Asks: 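Questions regarding the structure given below will be posed in turn.
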Amino acid sequence: MAEQRAEELHQEDTASNRNITFSFGNDNVQDAGSVTPDVHSEAGSTEPNFSTATTTDAQHENLSETMDPTSTSGTAERHISIQQSLADLKNLIDIEGAGKKTCPLCPEEKFKPNYSHKLRRHLQHLHWKVSIDFEGYRMCICHLACRRMKTNLNGEQVPVRIGAHYHCIVCSATIARRTDMISHITRHLNKGDTEASFTGASSGQLSSTEVMKEVDTDVHVFPNHTTPQKTDSFFNPKMKPNRQLIFCTLAVLAQERKPLECLDAFGATGIMGLQWAKHLGDAVRVTINDINEGSVKMIGENCHLNRMKVVMNRKEEEEDEDEVEENEDTLGIIEVTQMDANVLMHLRAFDFIHLDPFGTAINYFDAAFRNVRNLGIVSVTSTDISTLYCKALNVTMRHYGCNIVRTEYYKEVAARMVIASMARAAARCNKGIEVLLAVALEHFVLVVVRVLRGPSQADESLKKIRRLIHCQWCEERVFYKKCHMLEESAYQQLPCDCHGSMPGKTAVELGPLWSGSLFNTGFLRRMLFEAVQHGIEDIHPLLKNLTCESECTTLKHHSIFGPMSHSSQEESGVVIKTLASHKSGVEDTSSASYSGQEKRKGSEVPGNAAKRQKGDIPSEHPPFYYSIHRHSIRGMNIPKINKFLPYLTQAGFRVGRTHFDPTGIRTDATLAQLKAILMKYSMPTHTDSQPGIHSHASAEPISEPVQDSTPKPLEIDQPAEEVKPESG
């Protein structure tokens with residue numbers, strides 16, 4: 001009976017140019033269509049049932065059976081070519097019976113009825129061998145007329161050329177090539193779509209998620225959550241230092257005024273906003289935004305996972321404040337929005353805005369500075385590393401309007417380039433900026449600035465945007481002087497003499513870049529204090545290094561909590577009370593301390609309070625740094641960095657390490673002075689080296705300190721004939 005039934009069904013498959021009906025559970029669709037096999041998984045039934053299928057133009061993506069949206073069970077029947085084992089594939093027909101039998105996955109034109117031993121070999125080598133595995137099921141290759149219909153020139157529906165194809169177990173699409181099918185299944189995995197999502201599983205899409213934990217905050221993420229363009233729950237564990245730095249920044253701002261209106265413009269999983277609301281409590285009012293509908297749903301699930309109440313607008317939040325107090329299970333309220341970040345920042349004002357889009361954030365600067373409140377903070381995380389790190393110079397010019405080349409200090413150039421773009425965007429809104437923090441690591445560039453309202457502040461910020469002169473021979477660099485007059489030769493501003501000793505043009509003009517300081521020492525110390533208070537120990541070393549770099553000093557001669565214990569910190573011309581001064585009740589009456597509530601009413605900072613006193617202006621750290629390995633001398637063993645730093649200090653220069661480069665030294669010495677001191681304390685590699693080099697290098701042992709700590713220009717600035725040949 002099974003053999004006769006298969007022959008009848010295959011004869012029906014070969015019929016063409018007729019109208020047929022395909023059953024979707026309880027729905028019937030009548031149209032010209034193509035033949036689609038079906039298997040009804042009834043108890044005790046192993047016989048295949050082939051029914052003809054039709055699709056409309058709007059349903060061409062689903063080329064075979066799809067889930068019935070009106071079905072009460074919420075499950076879809078899998079295609080006959082999807083089986084769990086080879087035995088299940090053979091059980092589709094009575095392969096052990098006598099007589100010739102047809103293949104359930106091939107038409108008679110391709111495989112004529114044959115005996116059992118040939119049919120068994122055909123199923124194993126043609127269908128099962130090239131199948132695709134997916135969660136215990138095998139998607140075998142199918143040769144039936146399952147492909148969609150197409151319209152010819154006469155307007156008639158004709159079947160597409162019959163060929164081998166696969167049926168997707170998730171969305172029931174038919175794909176011809178095996179490699180394309182593997183890519184198709186991989187995209188389902190990246191989005192978290194599995195078979196359970198289409199078979200009415202109780203857990204839904206979250207059945208394929210995993211829970212990630214960071215700083216006592218749990219979030220659901222989909223598989224392959226580290227691929228931003230292929231998942232709705234992008235979560236990168238390598239960005240943990242970035243999230244911790246931003247949290248410490250917000251914690252410092254929360255000590256100045258509260259409550260704060262905070263915005264995470266690109267939420268993804270919402271972990272950053274959840275950390276803010278969970279650890280800072282009533283001091284912040286968090287808004288998490290994302291334009292992706294799937295991400296918004298995931299943010300809502302993560303809020304419930306962390307016992308946070310989700311509201312969709314501010315009115316609901318105000319109405320539910322009393323309910324949250326009565327409900328002990330809810331820790332707080334988070335507002336979740338789904339709109340374009342530019343639209344949201346134009347509609348509402350915030351005290352703290354964090355921008356972390358995929359790629360460049362240049363398109364959101366204008367909207368961010370448009371409504372940010374006075375003395376508020378804007379933090380930007382740029383992940384367009386190829387653009388910032390000189391790998392796509394044409395894109396750099398389009399996005400940032402800067403001309404850059406690959407240098408030894410390219411990471412600091414990237415940070416200064418982002419700050420310059422932010423300063424120009426703030427100036428268009430009659431606002432200035434003060435840089436609090438700039439970090440450039442392997443995967444991102446983080447810039448945190450404080451916004452200062454007023455056209456005078458905007459003018460002061462724009463004055464710090466200059467162009468840079470970079471020597472391509474020795475990599476010496478210097479910013480243009482503060483002068484609008486055209487100079488006869490820009491080479492005269494460079495400390496090196498490469499232009500006079502080398503043929504042709506030796507220098508290039510970079511920028512425009514930010515020429516001011518990259519750090520605020522007082523703010524970094526308060527960030528370190530908040531990190532200690534909240535138990536974030538992973539970020540302590542980085543914050544200590546940034547604090548030392550801001551003062552251009554070494555960690556051994558630096559006291560982290562020294563200045564905080566007896567004085568208040570001054571930032572942006574406004575005295576901000578520290579913990580010690582708050583406890584003692586001492587306030588500085590010479591400058592005013594302004595709260596966030598006054599700023600929201602539109603009150604402006606008085607001019608005498610907004611201006612810094614000359615004696616209170618801290619000395620800025622030297623711009624850029626030198627890589628000691630890049631400027632090492634051929635044939636000489638240079639001292640270790642930690643041993644070399646005291647030599648520069650004894651020579652009268654400011655010196656410190658930098659986080660931009662582990663081999664970098666930030667100092668106010670010129671490159672020629674640095675090379676002279678490096679030559680003086682380097683040892684020859686071989687004992688049979690040139691006598692001149694040996695006597696010059698061994699003039700003083702490395703372990704011996706310098707006798708006279710007074711800078712001696714005659715000893716440091718050696719003649720060029722002695723230094724340059726050895727530098728290679």
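Every heavy atom of this structure was used, including side-chain atoms; hydrogens, water molecules and symmetry mates were not. Everything quoted here is computed from the prediction, not taken from an experiment.
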Asks: Around atom CZ of R177, are there more than 12 heavy atoms of other residues, nucleotides or ligands at under 6.0 Å?
Replies: no
Asks: Please name the pair of heavy atoms, one in N306 and one in D216, separated by the smallest distance, quoted to 0.1 Å.
Replies: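 The pair with the smallest heavy-atom distance is OD1-O, 4.4 Å.
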Asks: Here's a test for you: under side chain to side chain contact (heavy atoms under 4.5 Å, CB included), which of M239, Q275, H354 qualifies with I246?
Replies: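 Between I246 and the candidates, side chain to side chain contact (heavy atoms under 4.5 Å, CB included) is satisfied uniquely by H354.
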Asks: Tell me if a side-chain donor or acceptor on D340 pairs with a main-chain N or O of I291 at a distance below 3.5 Å.
Replies: no
Asks: Do C103 and L119 touch side chain to side chain, with heavy atoms closer than 4.5 Å?
Replies: yes
Asks: Side-chain contact, heavy-atom cut-off 4.5 Å: M345 with L355?
Replies: yes
Asks: Are the side chain of T383 and the backbone of F358 linked by a donor-acceptor contact shorter than 3.5 Å?
Replies: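 Side chain of T383 to backbone of F358: no pair is present.
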Asks: Could you tell me whether D538 and K240 have a side-chain N and a carboxylate O separated by less than 4.0 Å?
Replies: yes
Asks: What pair of heavy atoms forms the shortest contact from T337 to M312, and how long is it?
Replies: CG2-O, 4.3 Å
Asks: For K297, does the NZ atom sit with more than 12 other heavy atoms under 6.0 Å from it, leaving out its own atoms?
Replies: no
Asks: Starting from the C-alpha separation in whole Å, work towards a yes-or-no answer on side chain to side chain contact (heavy atoms under 4.5 Å, CB included) for M308 and V286.
Replies: CA-CA 11 Å; M308 293 289 177; V286 180; over 6 Å; no
Asks: Which of parallel (below 30°), tilted (30 to 60°) and perpendicular (above 60°) describes Y115 and H117?
Replies: parallel
Asks: Please lay out, stage by stage, how M397 and N403 fare under the test side chain to side chain contact (heavy atoms under 4.5 Å, CB included).
Replies: CA-CA 6 Å; M397 179 59 68; N403 175 40; 4.0 Å; yes
Asks: For K101 and A98, indicate whether the former's side chain and the latter's backbone hold a donor-acceptor pair under 3.5 Å.
Replies: yes
Asks: What distance separates D180 CG from I185 CD1, expressed to the nearest 0.5 Å?
Replies: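 Rounded to the nearest 0.5 Å, the CG-CD1 separation comes out at 12.0 Å.
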Asks: First locate atom CZ of R178, then atom CE of M139, and finally report the distance between them rounded to the nearest 0.5 Å.
Replies: 9.5 Å
Asks: Compute the ring centroids of F266 and Y364, then answer whether they are less than 6.0 Å apart.
Replies: yes
Asks: Under the side chain to side chain contact (heavy atoms under 4.5 Å, CB included) criterion, do K90 and L86 qualify, and how do the steps go?
Replies: CA-CA 6 Å; K90 295 178 180 179; L86 181 60; 3.7 Å; yes
Asks: Output all residues satisfying ring-ring contact (aromatic ring centres under 6.0 Å, His included) with F444, sequence neighbours left out; order by chain, then residue number.
Replies: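 Not a single residue meets the ring-ring contact (aromatic ring centres under 6.0 Å, His included) criterion with F444.
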Asks: Could you give me the CA-CA distance, side-chain angles and deciding distance for D290 and M298, then say whether side chain to side chain contact (heavy atoms under 4.5 Å, CB included) is met?
Replies: CA-CA 10 Å; D290 203 292; M298 180 61 66; over 6 Å; no
Asks: Kindly indicate whether the side chain of V395, heavy atoms from C-beta on, has any atom under 4.5 Å from the side chain of S386.
Replies: no
Asks: If only atom types and distance count, is the side chain of N302 paired as donor or acceptor with the main-chain N or O of D218 below 3.5 Å?
Replies: no
Asks: May I ask you to test the I82-F134 pair for a side-chain heavy-atom distance under 4.5 Å?
Replies: no
Asks: How long is the gap from OG1 on T387 to CD1 on I362, to the nearest 0.5 Å?
Replies: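 Between atom OG1 of T387 and atom CD1 of I362 there are 11.0 Å.
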Asks: Within this structure, what is the NE2-CD1 distance for the pair H304 and I334, rounded to the nearest 0.5 Å?
Replies: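 Nearest 0.5 Å value for the NE2-CD1 distance: 10.5 Å.
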Asks: Can you measure from CD (Q338) to CG (N292) and round to the nearest 0.5 angstrom?
Replies: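 Atom-to-atom, Q338:CD and N292:CG are 7.5 Å apart.
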Asks: Can you confirm whether V336 sits close enough to V296 that some side-chain heavy atom of one is under 4.5 Å from a side-chain heavy atom of the other?
Replies: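 The answer is yes, as the side chains (C-beta and beyond) meet within the 4.5 Å cut-off.
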Asks: What heavy-atom pair brings V445 and L388 nearest, and what distance separates the two atoms?
Replies: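 Distance-wise, the nearest heavy atoms are CG2-CD1, 3.7 Å.
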Asks: Please name the pair of heavy atoms, one in M422 and one in V447, separated by the smallest distance, quoted to 0.1 Å.
Replies: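 Closest heavy-atom pair between M422 and V447: SD-CG1, 3.7 Å.
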Asks: Nearest heavy-atom pair of I288 and G273: which atoms, and what distance?
Replies: CD1-CA, 3.9 Å
Asks: Test your reading of the model: is there a side-chain donor-acceptor pair from H122 to the backbone of H127, 3.5 Å cut-off?
Replies: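 The answer is no, because no donor-acceptor pair under 3.5 Å joins these two groups.
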Asks: Can you tell if the side chain of H279 reaches within under 4.5 Å of the side chain of T217, non-hydrogen atoms only?
Replies: yes
Asks: Please check: side-chain N/O of R138 versus main-chain N/O of K129, any donor-acceptor pairing under 3.5 Å?
Replies: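 Between the backbone of K129 and the side chain of R138 there is no qualifying donor-acceptor contact (under 3.5 Å).
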Asks: Any side-chain donor paired with an acceptor under 3.5 Å for S85 and D88?
Replies: yes
Asks: Quick one: does C106's side chain get under 4.5 Å of L126's, heavy atoms only?
Replies: yes
Asks: So, taking the atom named NE2 in H167 and the one named OG in S81, what distance separates them when rounded to the nearest 0.5 Å?
Replies: 4.5 Å
Asks: Report, as yes or no, whether the 6.0 Å neighbourhood of atom CZ on R370 holds more than 12 heavy atoms from other residues, nucleotides or ligands.
Replies: no
Asks: If the condition is ring-ring contact (aromatic ring centres under 6.0 Å, His included), which residues does Y400 pass it with, not counting sequence neighbours?
Replies: none
Asks: What closest approach, in Å, do C142 and H79 show between heavy atoms, and which atom pair accounts for it?
Replies: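 Where C142 meets H79 most closely, the heavy atoms are SG-CE1, 4.0 Å.
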Asks: Does any part of the side chain of L92, heavy atoms only, come nearer than 4.5 Å to the side chain of I80, both counted from C-beta?
Replies: yes
Asks: Check salt bridge (Lys or Arg N to Asp or Glu O under 4.0 Å) between R243 and all other residues, then give those that pass, not counting sequence neighbours.
Replies: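 If we apply the salt bridge (Lys or Arg N to Asp or Glu O under 4.0 Å) test to R243, skipping adjacent residues, the hits are E214.
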